[in-house]
Every structure is written in structure tokens, then in C-alpha cells.
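For reference, positions follow the sequence shown, starting with 1.
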Amino acid sequence: LGGRGGIGKSQTGIDIAARVSTGRPWPTGEAGQVGNVIVWEVEDDIERTTVPRLIAAGADMSRVKVTADHSDLGNGGFEDLVSLIEGIGGVRMVMLSPFRKFFEQADPQGNLAVRKAMQPLVDYASSRQMTFLGIMHPPKDKEDREAFGGPGAYFDLSRAALSCIHDPEDRKKPLAQRRRIIVSAKGNLGPDTGILRYTTVGVDLPGGLHVSRIDWLDARADEPRTQGGHRTLALPKPRPPAAEWLKERLSSGPVPASVV
């Protein structure tokens, strides 16, 4: 899950983790499946930021393990992660943030080293039918870049990649007023059509803590929709495949290629 700084990547990851911990439906309306979650956060303060964000997102904290212990998964740390997962049991998702921090030895060596370091995660996730969600933070000197940072292997080896960006329809508005959307940058496991619109809202928690959480917006309006007590999102219909469009365009006879 990648995107520019301040776009709401971490809150989105937290929202996903909260839904897994409770089995609530996904923002698109599909049914969820409950499971235990590990949130491994090595940048944000877990007591003042990560845990309050999980609470604000409605997580079942009895199913969430939050840790800040730093470990290089490409340099002996993967075995420790597996021990943690199997010690908890029933883990369906592990959120790693920031993802590149877990591959500090391999990262500067480039694609081949990152691919070798990541492969055990890919294989383990596949064998256990679980998800590793990596939050990709751009370099601090490139906070305005709406892209995935680091060697391309992070993107290439992932089964799916989602990008958080500002809604192009709001490009004439000041940055602070633009809506945010999630689009599929890569999808090996399903269709990559459709977008999810969202915004971040402030939440006051007991103890004087103020955090933010994700509010999902309807694809056709800026108001959250409610179905069965949970916010859902109506996705726009995908465009017809190119082959079908071309067949219809040529149904009345030949058309010059320059016109097509």
C-alpha cells in the first residue's frame, strides 16, 4: 500500500486490520472473515498513535497484537516473525510499517537482494492463506511523490499493490480539500477495476487523545453509505473491454485505422 506522505496510508492499513479483527464487511460490501492480526509498527508511537487509531477504527483489540520491536526480516528476523505468528495462532494478516524498514540490509543492494529477502514472506503467506500488508512510505526528501519507493522488487513480488492518491477530479481544489482515492496499481489475484474514495476524520478518545481514522465515501456522492450498520462503497461499473468496443465500432463496416 503506497502513496505520498500524509495521504492516509497508515490509517487505511489500520482500517483493514480492524476489519479483519472483527470480521466486518469490506468497504466494497463483501463479507469479511474474522482472524487475528499483528500490527508491526516501527515508526509511529504505538501507545499514542497506533493503538488509539486501532480503537478509533473499531478493532477488536483482543485479536490484535501490536509490536514495535525492530527486526530485519531478510537477516534472521523472519524466523522470529514466524514464531510470533504461530505462537498467537489464527493470524490472517500482518501489517508491516514502514515496509522497507524490515529489509534494511537488502534494500540498498537493489532488486535481487530484496527479492531474495521477500520470497520467504510470499511463500509463507501462500502456504498459510494469510496476508502481509506492507505500508510503503516515500523517502523523507520526496514526500510529494505519489508512488512506491525503493527497489522495484517490492512492487514486482507483491501479489497486489494499492496506491493512495488525491482524486484527479479535485485537482483544481486546494490540496487540503481534495478527496482521496485508492486505486489498484497491480492485481495478480483479481480484477483491478474500480476505485475507493475516502477521507480522514478526527476522533477524540478518552484521555485527551486525538487521532484520525478512515471514512469511506460513496463512489457517486461524498456521503458515507450505511448497510447493515457498516459503511460500504458503491463502485463504478468498469468500462467495456476494448475488444467489445472495437466489435461494436466496426459492426457497420470498415473504419479507417486513423479514426479508430
Under 3.5 Å: donor-acceptor pair, side chain of R197, backbone of R180 = no
Please report the shortest heavy-atom distance between A18 and R24, naming the atom on each side.
-> O-NH1, 4.1 Å
So do V64 and V39 actually touch side chain to side chain, heavy atoms under 4.5 Å?
-> yes
Tightest non-hydrogen contact, residues I181 and P168, listed as CD1-CD, 3.8 Å
Can any side-chain N or O of N36 pair as donor or acceptor with the backbone N or O of S21 at less than 3.5 Å?
-> no
Hey, could you give me the OG/CD1 distance between S163 and I195, rounded to the nearest 0.5 Å?
-> 12.0 Å
Counting only heavy atoms not in L112, do more than 12 sit closer than 6.0 Å to its CG atom?
-> no
Does any non-hydrogen side-chain atom of V183 lie less than 4.5 Å from one of L162?
-> no
Is I214 close to T200 at the side-chain level, that is, under 4.5 Å between some pair of heavy atoms?
-> yes
Answer with yes or no whether the hydrophobic clustering places I85 together with V34; edges join I, L, V, M, F, W, Y residues whose side-chain heavy atoms lie under 4.5 Å apart.
-> no
Minimum heavy-atom distance between L205 and P52, given as atom pair plus value | CD1-O, 3.4 Å
To the nearest 0.5 Å, atom OG1 of T67 lies from atom CG of D80 at 10.5 Å
Can any side-chain N or O of S127 pair as donor or acceptor with the backbone N or O of Y124 at less than 3.5 Å?
-> yes
Can you list the steps and then say if Y198 with C164 is a side-chain contact (heavy atoms from CB on, under 4.5 Å)?
-> CA-CA 10 Å; Y198 69 97; C164 298; 3.5 Å; yes
Is the backbone N or O of L133 less than 3.5 Å from a side-chain atom of T131, with the two atoms forming a donor-acceptor pair by type?
-> no
Decide side-chain contact (heavy atoms from CB on, under 4.5 Å) for I38 and M95; before the verdict, give the C-alpha distance in whole Å, the side-chain angles of both, and the deciding distance to 0.1 Å.
-> CA-CA 6 Å; I38 298 173; M95 174 177 151; over 6 Å; no
Within the distance-only criterion (no hydrogens, no angle test), does the side chain of S83 pair as donor or acceptor with the backbone N or O of E79 below 3.5 angstrom?
-> yes
Please round to the nearest 0.5 Å and tell me the distance separating atom CD1 of I182 and atom CD1 of I165.
-> 10.5 Å
State, to 0.1 Å, how close F103 and L121 come at their nearest heavy-atom pair, and which atoms those are.
-> CZ-CD2, 4.3 Å
Between OG1 on residue T199 and CG on residue D215, distance to nearest 0.5 Å = 7.0 Å
Counting only N and O atoms by type, is there a donor-acceptor contact under 3.5 Å from the side chain of K9 to the main-chain atoms of R4?
-> yes
If you measure from CG on D44 to OG1 on T50, what distance do you get to the nearest 0.5 Å?
-> 5.0 Å
When rounded to the nearest 0.5 angstrom, what distance separates CG in L73 from CG in L81?
-> 6.0 Å
With sequence neighbours left out, write down each residue that passes salt bridge (charged side-chain N to carboxylate O under 4.0 Å, His left out) with R128, or none if nothing qualifies.
-> E86
With a 4.5 Å limit on heavy-atom distance, are the side chains of P98 and E41 in contact?
-> yes
Heavy-atom pair with the smallest gap, counting every atom of A68 and W40 = C-NE1, 4.1 Å
With sequence neighbours left out, what residues match D107 under salt bridge (charged side-chain N to carboxylate O under 4.0 Å, His left out)?
-> R100
Counting only N and O atoms by type, is there a donor-acceptor contact under 3.5 Å from the side chain of H70 to the main-chain atoms of K101?
-> yes
Are any side-chain N or O atoms of K186 and backbone N or O atoms of S158, one a donor and one an acceptor, separated by less than 3.5 Å?
-> yes
Would you call D15-R53 a salt bridge at under 4.0 Å N-O?
-> no
For the residue pair G58 and T22, what are the closest heavy atoms and their distance?
-> O-CG2, 3.4 Å
Give me the ring orientation class for F99 and Y154: parallel if the planes are under 30° apart, tilted from 30 to 60°, perpendicular past 60°.
-> perpendicular
In the single-linkage hydrophobic clustering (I, L, V, M, F, W, Y; side-chain heavy atoms under 4.5 Å), do L209 and V201 co-cluster?
-> no
Main-chain N/O of G74 paired with D72 side-chain donor or acceptor, under 3.5 Å = yes
Non-neighbouring partners of D170 that pass salt bridge (charged side-chain N to carboxylate O under 4.0 Å, His left out), sequence neighbours left out = K173, R179
Would you say the side-chain atoms of N111 pair up with the backbone N or O of A153, donor to acceptor, closer than 3.5 Å?
-> yes
Decide yes or no on side-chain contact (heavy atoms from CB on, under 4.5 Å) for D156 and R115, but give the supporting numbers first.
-> CA-CA 9 Å; D156 296 338; R115 180 175 287 271; 3.7 Å; yes
Quick one: do S212 and Q11 satisfy side chain to side chain donor-acceptor pair (under 3.5 Å)? Show the steps, please.
-> CA-CA 7 Å; S212 58; Q11 293 96 321; 2.8 Å; yes
For residues V37 and R92, determine if any side-chain heavy atom of one lies less than 4.5 Å from a side-chain heavy atom of the other.
-> no
side-chain contact (heavy atoms from CB on, under 4.5 Å) assessment of V203 paired with H210 = CA-CA 6 Å; V203 178; H210 181 81; 6.0 Å; no
